[in-house]
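Accompanying notes for the structure given below.
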Protein chains: 2
Amino acid sequence: MPATLHDLARACLCNVSTVSRALRDDPRISPEMRAKVAAAAAELGYRPNLAARALVTGRSGTVWFLLGELSSPVNHQPAEAAARLCRDHGLDLLVATHHGDRTAHRRLLERLRQGVAEGALIAASELDQESAELRELAASGFPLVFIDRHLPDLEAPAATTDHAGAVTALVALLAERGFATVVGLHQPGRNSVDHARTQALEAACRTQGLRLLPPQAPLDERTAVMASGAFQVVDWLAASPGRQPAAIAIHDRWPGQPPAGCLVLELEQDFAAMAAAAWRLLTARLGGAPPSSAVMQVPHRAVHIIPPRS
Amino acid sequence: MPATLHDLARACLCNVSTVSRALRDDPRISPEMRAKVAAAAAELGYRPNLAARALVTGRSGTVWFLLGELSSPVNHQPAEAAARLCRDHGLDLLVATHHGDRTAHRRLLERLRQGVAEGALIAASELDQESAELRELAASGFPLVFIDRHLPDLEAPAATTDHAGAVTALVALLAERGFATVVGLHQPGRNSVDHARTQALEAACRTQGLRLLPPQAPLDERTAVMASGAFQVVDWLAASPGRQPAAIAIHDRWPGQPPAGCLVLELEQDFAAMAAAAWRLLTARLGGAPPSSAVMQVPHRAVHIIPPRS
DNA sequence: TTGTATGCGTTATCAC
DNA sequence: GTGATAACGCATACAA
């Protein structure tokens, strides 16, 4: 059986509270006593019981990172960055995945209400949109911060990429290269990200003098297609086999080989900066700040330009 | 403040223990009482305090998955599969990352000794090789199961791919396609995986009549190169710029574009099966079975053959 | 500087 | 079928 404070107290011929204080470096413990306790702790291999500590302090020293699946960089890159930040501040960050499963999702949120973590970062997935549990959790005052996506009707802040700025940058690059038309594949109803990008695309095209056309529009060699992810482009290509876009601009990586003769612009998001922003929002909440719906927008990191191959 | 059993007891005009039993569906509670308690719990939004429960039961209902970084499929694919298995058995699987940092690594192992989890799956990284804390943890009887890699001097079982079988399959495919020589890039001293592959490669070449040569050997059009990961091949190519292998066989995906005129064989490991095997080993330990050093080897899932492009 | 006493929210062991 | 009560391991207000 693991040693407890009680065992140490017996070994040191003193009281449990003295041991507790000595181990936590309480200034009013004599150096001799402290040394004696430290020796006994090492000797007996004492490890504090975190459940007991959490019960009395009400703090678990833990933050959760909630996400759908680990495979996507949009999820795991902020998670890793946030883990470092937490660690540096004495908290453990644990990643919980629900792999798009409703019951798993519900259960994880349930756990959060049971005190397993002091706060949570959430890389929003489809399931979060309609989740009553998530709403209740936020309403209960539990510190929640969203990453990348923002649920507007929820009293919880978010750290996202500056979607408008990113779209503007892509449109500018297209204009620079002589493109006159953009076909937008964003689905504004899908989530807040696609919504923001759609709006920004309209504004950017207006400002920079490009025509904006819907997915069904015919293509020419001065028409580019813009989408949130490669998957949207792939679907669009598959929907009408003849399509040969002259340029693809996405907020994502293009997997493998781009279509022949096609310029590809990949926007690289700054996930580390996003995690840092989310961390700031979270510590504010942990420190007692009231819930807000603030959205911190961090600039993108770079645009990768992949010239067309012949 | 969140409602407690005490609050429910007051609301129901009964004792705490009755409430506790009613909520846990104890058979000796009258239907009326059970309904009354359930109503009060819903009314007051009662949520059990897991810290308190863990303190008295000694069980946290949690399993950890320890890994270096999330980005690698070798890590996150088994993690996701294991999460599902755990969930189906009433346990939560949480992923903890140490991103190759010694202090983070030490700290996570420390947490495990403090009762945060009932057991842990470990996707072994470099840090685990020399970690004294890991040895202590295993020695303390904590249920530990390794995934993919195996630390032979540790009293902990492992679930790995059948490395020997995989190497044999790759060599057979090469032989079938007329290759006569294999250059082996595995580094037997690196870890147990590379070690096993090196041995299997020697055996397979002997059996199937191919010549096995070291990395410095000259190449011809009937010579293939075999390595654990793409990174080994990339390093090897960079070390001597003239090299143009006729085939590359790796236990991994080849990122992006293969070299011109080069056949690529990618071995796909069966991470789901690996997770299932690891889960079996872990439940055995959780169920009270003594620690063992058993290694369960699961067959690979497929070999992807990418023909040379001209 | 140290000891005493109490409570955190649950479960479990008794009684009745 | 239900109630009283003692743990579980730790932290802390209050005494001394």
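Chain naming here is simple, since letters A, B, ... match the order of the sequence lines and numbering starts at 1 in each. For the numbers below, each heavy atom of this structure counts, side chains included, while hydrogens, waters and symmetry mates do not.
For A:L50 and C:dG9, the CG to P distance is 18 Å, given to the nearest whole Å. Rounded to an integer number of Å, the gap from B:Q114 CD to D:dC10 C1' is 13 Å. Spacing between atom CG of B:D7 and atom P of C:dG9 amounts to 8 Å, rounded to whole angstrom units. Computed from coordinates, the B:H6 NE2 to C:dT6 C1' distance equals 15 Å when rounded to whole Å.
Inter-residue side-chain proximity for B:T97 and B:L108 is flagged as unmet; no heavy-atom pair is nearer than 4.5 Å. Residues B:T160 and B:M296 have side chains not in contact (no heavy-atom distance under 4.5 Å, counting atoms from C-beta outward). Side-chain contact between A:M33 and A:C14: present, with at least one pair of heavy atoms (C-beta onward) separated by less than 4.5 Å. At least one side-chain heavy atom of A:R87 sits less than 4.5 Å from a side-chain heavy atom of A:D92. B:L23 has its side chain within reach of B:L5: a pair of non-hydrogen atoms, C-beta onward, lies under 4.5 Å apart.
Counting heavy atoms of neighbouring residues, nucleotides and ligands inside a 6.0 Å radius, atom NE2 of B:H99 exceeds 12 of them. The number of heavy atoms from other shown groups lying within 6.0 Å of CD (A:E155) is above 12. Shown here is A:E110, whose CD atom has more than 12 heavy atoms of other residues, nucleotides or ligands within 6.0 Å.
Atoms CG and CG, on A:L286 and A:L281 in that order, are 11.0 Å from each other to the nearest 0.5 Å.
Looking at residues 23-44 of chain B, you'll see B:R24 sit with a heavy atom under 4.0 Å from some atom of DNA chain C.
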Any protein N or O atoms within reach of nucleotides 5-9 of chain D? Criterion: under 3.5 Å, listing atom names and distances.
none

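For the helix from C:dT1-D:dA16 to C:dC16-D:dG1, the rotation axes defined at the first and last 5 base pairs enclose an angle of 40°, given to the nearest 10°.
Contact annotation: B:T57 does not reach the phosphate of C:dT11 (side-chain N/O to OP1 or OP2, under 4.0 Å). A close approach under 4.0 Å does not occur between any side-chain nitrogen or oxygen of A:S20 and OP1 or OP2 of D:dC10.
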Begin with the C-alpha distance, continue with both residues' side-chain angles, and end with the deciding distance and a verdict on salt bridge (charged side-chain N to carboxylate O under 4.0 Å, His left out) for B:D26 and B:R28.
CA-CA 6 Å; B:D26 188 304; B:R28 49 191 185 170; 3.2 Å; yes

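When only modelled atom types and interatomic distance are considered, A:H105 and A:D128 share a side-chain donor-acceptor pair under 3.5 Å.
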